[in-house]
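For reference, the structure is listed below as structure tokens.
Everything numeric here is computed off the predicted structure, so don't read it as measured data. Values below: all heavy atoms of this structure, side chains included; hydrogens, waters and symmetry mates excluded.
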Amino acid sequence: MKESFFENINIQESTLPERTAQQISRLIVERRLTSEDRLPSEFELAELLHVGRGTIREGVKLLVARNVLEIRRGKGTYIASNPGEIPDPLGFAYCSDPFQLALDLAEVRGQLEPWIARMAAEHAAKEDLNRLRESCLVVEQDILNGWNHSEHDVQFHVAVAKCTQNLVVPKLIPIITYAVTLFVSLTESRLKTETVMGHRELVNAIENHDGDRAEKVMTQHIEYNRALLEEIIANLKNEDTKEGSLQEKREMI
């Protein structure tokens, strides 16, 4: 291995475990390791990086926490499926008003996802289309069986993103997936029919490489979501008002 392998890493103000984690990350990139690959042993890494095995363990812990590595019991330490990606990178779970968050996410999705759908239609390869069709069918089966379809709905949107052949777009997916999961939860899956039909139309447009149609279908899909969410919020506000009035009457008695 070249002596300059780690020379570009900024390590001036970091701790030894942090520097070690950075070096292991660089190793993963340089060797093009994937989720199918096992990380070299502690002994090998210690020899390679000239640090103790305890430091290697600390560095690995940091990378596990960042979803770069994952420990598989009885098998060893492997590269994570989507290195560096975490479910809620922007901390949406800590927002105090989930309904307002869902509306704001719908606004962002309305700008982002129609463009993604167009890109998917224009660039999808055969293997992408196979994955997309399969994902669409799984969501339909969930809905027809009365099961929670949010997890597979998320996978469908991931499949659309991968159709774009753009390296950046799938990295934006955690924002979209959080929005999808939150929406399904808040609406109690009330748009089941629209979800099935909307997904089918989108898959059809992408298969036909019809960017205009794909963009329009995705825009309509998100608009249905937003409209239902606003209806639910309005109903909740009305219920709160009625309950408040009822309470006032009770106090007058």
Side-chain angles (χ1 to χ4, degrees), residues 35 65-68 70 79-121 123-124 128-143 147-192 194-203 206 214-215 217-229 232:
S35 59
R66 297 169 188 170
N67 196 41
V68 176
E70 62 180 22
I79 317 305
S81 299
N82 297 294
E85 293 184 15
I86 57 177
D88 185 18
L90 300 181
F92 290 139
Y94 296 94
C95 292
S96 59
D97 187 343
F99 285 100
Q100 185 59 51
L101 174 61
L103 284 175
D104 290 346
L105 284 170
E107 186 175 359
V108 173
R109 290 181 65 194
Q111 297 297 315
L112 180 61
E113 288 198 79
W115 172 76
I116 291 176
R118 172 181 286 276
M119 289 279 289
H123 300 286
D128 298 316
L129 294 174
N130 291 336
R131 180 171 56 240
L132 186 62
R133 282 192 294 269
E134 181 179 349
S135 182
C136 182
L137 288 173
V138 171
V139 175
E140 287 189 23
Q141 288 301 313
D142 282 351
I143 291 175
W147 301 335
N148 186 318
H149 66 280
S150 61
E151 181 178 349
H152 289 139
D153 201 333
V154 163
Q155 292 176 9
F156 175 80
H157 285 268
V158 171
V160 173
K162 289 183 176 179
C163 286
T164 65
Q165 308 299 327
N166 185 294
L167 292 176
V168 177
V169 168
K171 302 299 182 182
L172 303 176
I173 284 300
I175 299 174
I176 297 172
T177 57
Y178 192 94
V180 171
T181 303
L182 178 62
F183 177 83
V184 172
S185 173
L186 294 178
T187 62
E188 298 179 347
S189 306
R190 283 168 55 182
L191 278 182
K192 294 179 181 179
E194 193 283 327
T195 296
V196 170
M197 299 306 298
H199 283 191
R200 285 181 183 177
E201 289 184 34
L202 183 60
V203 171
I206 293 174
E215 182 176 359
V217 170
M218 183 62 83
T219 299
Q220 291 175 338
H221 179 63
I222 295 172
E223 178 57 27
Y224 281 131
N225 290 348
R226 186 193 59 76
L228 175 58
L229 194 59
I232 291 173

Trace of the side-chain contact (heavy atoms from CB on, under 4.5 Å) decision for M218 with I116: CA-CA 9 Å; M218 183 62 83; I116 291 176; over 6 Å; no
Reported CZ-to-NE2 distance for the pair R109 and H221, which is rounded to 0.5 angstrom: 5.5 Å
Nearest-0.5 Å distance that lies between atom CG in L112 and atom CD1 in I176: 4.5 Å
Of R200, K192, R133, the residue whose pairing with E140 passes salt bridge (Lys or Arg N to Asp or Glu O under 4.0 Å): R200
For the student: nearest non-hydrogen atoms of I206 and A214, plus distance: CG1-CB, 4.4 Å
Pairwise side-chain contact, L182 with L101, heavy-atom cut-off 4.5 Å (strictly under): yes
Gap separating the CG atom of D142 from the CG atom of D153, nearest 0.5 angstrom: 9.0 Å
From I175 atom CD1 to L105 atom CG, the distance as rounded to the nearest 0.5 Å: 8.0 Å
Check: V138 and Q155 side chains under 4.5 Å, non-hydrogen atoms: no
V196 side chain near V139 side chain, heavy-atom distance below 4.5 Å: no
Crowding at CD, E70 (>12 non-hydrogen neighbours, <6.0 Å): yes
Heavy-atom side-chain contact between I222 and P114 under 4.5 Å: yes
For R131, side chain to side chain donor-acceptor pair (under 3.5 Å) partners two or more places apart: D128
Worked verdict on H199 versus T195 for side-chain contact (heavy atoms from CB on, under 4.5 Å): CA-CA 6 Å; H199 283 191; T195 296; 3.7 Å; yes
Minimal non-hydrogen separation, S35 against S81, with atom names: CB-CA, 3.8 Å
Rounded distance [0.5 Å steps], CG in L229 versus CZ in F183: 6.0 Å
Which atom of C163 lies closest to which atom of L132, heavy atoms considered: SG-CD2, 4.2 Å
Short side-chain to backbone donor-acceptor contact, T181 and Y178, under 3.5 Å: no
Any donor-acceptor pair under 3.5 Å from S135 side chain to F156 backbone: yes
Residue Q165 excluded, over 12 heavy atoms near CD under 6.0 Å: yes
Donor-acceptor pair between Q100 and D104 side chains, under 3.5 angstrom: yes
Short side-chain donor-acceptor distance under 3.5 Å, H157 and E113: yes
Salt bridge (Lys or Arg N to Asp or Glu O under 4.0 Å) against E194, all qualifying residues, sequence neighbours excluded: none
Interatomic spacing from OG in S185 to CG in N148 - rounded to 0.5 Å: 8.5 Å
